[in-house]
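Worksheet: the structure to be examined is printed underneath.
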Amino acid sequence: SQSLVIQNEHLRVTFDPNTGLLQEIENLDRGLRLPVSQAFYWYNASSGDFMHPQVSGAYIFRPAQTKPFLLRHWANTRLVKKALVQEVHQNFTAWCSQVVRLYPGQRHVELEWTVGPVPVGDDWGKEIISRFDTQLKTNGRFYTDSNGREILERRRNYRPTWDLNQTEPVAGNYYPINSRIYITDGQIQLTVLTDRSQGGSSLRDGSLELMVHRRLLLDDNRGVGEALLEPGDWPGTGLVVRGRHLLLLDTVEAAAAGHRLQAQREALAPHLVLAPMGQGTPYSPG
Amino acid sequence: QGSSAHLRQAMAVAQHHDAVTGTSKQHVADDYARQLAAGWEKCQVLVSNALASLRGSKEDFVFCNQLNISVCPLTQTASHFQAVLYNPLAWGITWTVRLPVKDWAYHVRSPSGQTVPSEVIDVLSEGSENFRPELIFPASAPPLGFSIYSVTRLPSKTPKFRDCCSTSGAQRF
């Protein structure tokens, strides 16, 4: 039960030795420590009920219950510690794994998740989320970006321009995330950068979640005329999706500079072109 | 002759809300992806021509679009290859390059001929019989510019051990 820790000059990431799940992030430069647990959950997609026939589909996210199912309480882990990278490979199930990674000099924790093919043999559509839980007192507020530029404050079960009668406690609090979502208690800020647009929310104080994959079985009656099933390539067992979430822990004062520059590096990441060696021929535009 | 017109056209078509939000029938979504892929294919010729004229030498440039699943036929077979890192940002960056390779020891040289520290790790999860070696090295590129790293395979033996500490939360749990 030795503790599972990866670190570089700026960050230390600790995992629960019994479950293999993320347990704490430490910003060594600022002396900040934040207990953070992260796991994958799934919402059972609604197939309509006696109150409302509305089904969860391509246009409409509507989970059947407000409480998502935890994918697994623990993960098989493998620790890789090298000079140029430290990473913990987490295997949750046959269709969900993640690598938590730190490179030297990096000021964010990289979580590379791989989800799919989502099994639907039980006739339940599933909407998979990655959820981060902390003790931060966020007072019902969280922050999401709009196209990577403006940051909007969101308040649970509230709309700034009309009196909201909240009928969907989960979906009614989901917002589009183009590049980042963050929560703060006024001192410490936890930011998650995404590498693509996702749905996200903070449904409890100190918690934030991002939807990484969906596999549905029914049409939501908005015109598509088919379920969001995404069979993927042959044999059509379902799309496998891989992406990355970057975690930044900082003081509120310093957080913006950190996530804005990192988001630029993420959106305009360098491009790699390869070539065999020694086969070049001189070439001048003339 | 490369052209970005195809990608521009595909991006224009993909402004439709169905493409942005994924609310189209499957075959329409597949066609959006097909158009974007065809557009990117044409752009690769354009980028190769640009690199050739900027470098003053024409290479058989290869774009590995599946590096996110550790697939790149060139680096997984060649003993010598070049890695060109283009930086679109207006400021210099350092980046950790990860490339699937076929062996366990490589020599990486920077644009100035210096040796760059590099390592090969096995990316497959435990329990899998075959290995999936991946070369890692830190690289940097100037603002709106590119750097060329040369990679040479060294004679090596498959490591006697896998990376340390295969711990199974489940078993201990």
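Below, chain A is the first sequence line, B the second, and so on; all start at residue 1. Remember, predicted model here, so these are calculated numbers, not experimental data.
- For B/Ile93, the part lying under 4.5 angstrom from a heavy atom of chain A is the side chain only.
- Both the backbone and the side chain of B/Ala52 come within less than 4.5 Å of a heavy atom of chain A.
- In plain terms, the two heavy atoms of A/Ala275 and B/Glu59 that are nearest each other are CB-CB, 4.0 Å.
- Between A/Leu261 and B/Trp91 the shortest side-chain heavy-atom distance falls below 4.5 Å.
- Relative ring orientation between A/His271 and B/Trp40 is described as perpendicular, the plane-to-plane angle rising above 60° on a 0-90° scale split at 30° and 60°.
- Heavy atoms closer than 4.5 Å to chain A are found in the side chain of B/Leu99, but not in its backbone.
- Here the closest heavy-atom approach between residue A/Glu87 and residue B/Ile121 is recorded as OE2-CD1, 3.4 Å.
- Both the backbone and the side chain of B/Ala83 come within less than 4.5 Å of a heavy atom in chain A.
- Looking only at heavy-atom pairs under 4.5 Å with chain B, the residue among A/Val240, A/Leu84, A/Leu272, A/Leu21 that has the most is A/Leu84.
- Using a 4.5 Å cut-off between heavy atoms, B/Asp18 contacts chain A through its side chain alone, with no backbone atom that close.
- By the 4.5 Å heavy-atom criterion applied to side chains, A/Leu229 and B/Gln26 are not counted as neighbours.
- A side chain to side chain contact (heavy atoms under 4.5 Å, CB included) with A/Leu274 is found for one member of B/Leu74, B/Val151, B/Val84 and no other, namely B/Leu74.
- Across A/Glu112, A/Gln279, A/Arg265, A/Arg222, the residue that shares the most heavy-atom pairs under 4.5 angstrom with chain B is A/Arg265.
- Heavy-atom distances place both the backbone and the side chain of B/Ser150 under 4.5 Å from chain A.
- Chain A forms the most heavy-atom pairs under 4.5 Å with one residue out of B/Leu89, B/Val28, B/Asn87, and that residue is B/Leu89.
- Interface remark: of the candidates B/Trp95, B/Tyr149, B/Phe61, B/Trp95 forms the most heavy-atom pairs closer than 4.5 Å to chain A.
- Atom NE2 of B/His6 is surrounded by 12 or fewer heavy atoms from other residues, nucleotides or ligands within 6.0 Å.
- Minimum heavy-atom separation, A/Ala58 to B/Thr23: O-CG2, 3.6 Å.
- Of the atoms belonging to A/Tyr103, it is side-chain heavy atoms, and not backbone ones, that fall under 4.5 Å from chain B.
- Only the side chain of B/Thr75 comes within contact range of chain A, judged by heavy atoms closer than 4.5 Å.
- Using a 4.5 Å cut-off between heavy atoms, B/Leu51 touches chain A through its side chain atoms alone.
- Most heavy-atom pairs under 4.5 Å with chain A: of the set B/Asn49, B/Leu85, B/Thr152, B/Leu54, this distinction falls to B/Leu85.
- Most heavy-atom pairs under 4.5 Å with chain B: of the set A/Gly278, A/Gly105, A/Ala269, this distinction falls to A/Ala269.
- B/Val123 approaches A/Arg78 most closely through the heavy-atom pair C-NH2, 3.7 Å.
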Checklist entry - How far apart are the C-alpha atoms of B/Lys25 and A/Val224, what are their side-chain angles, what is the distance that settles it, and do they pass the side-chain contact (heavy atoms from CB on, under 4.5 Å) test? => result CA-CA 6 Å; B/Lys25 285 186 183 301; A/Val224 177; 4.2 Å; yes
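- The main-chain N or O of A/Thr281 is never found under 3.5 Å from a side-chain atom of B/Lys58 such that the two would form a donor-acceptor pair.
- Residue-environment remark: CG (B/Asn68) exceeds the threshold of 12 foreign heavy atoms within 6.0 Å.
- For A/Arg214, no part lies under 4.5 angstrom from a heavy atom of chain B.
- For the pair B/Glu119 (side chain) and A/Lys82 (backbone), a donor-acceptor distance under 3.5 Å is absent.
- When every heavy atom of A/Met277 is checked against every heavy atom of B/Gln82, the shortest pair comes out as SD-CG, 3.5 Å.
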Checklist entry - When you look at A/Val273 and B/Tyr86, which way does the side-chain contact (heavy atoms from CB on, under 4.5 Å) test go after all the steps? => result CA-CA 8 Å; A/Val273 186; B/Tyr86 170 70; 5.7 Å; no
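- Comparing A/Pro276, A/Ser284, A/Ala83 by how many heavy-atom pairs each has under 4.5 Å with chain B, the most go to A/Pro276.
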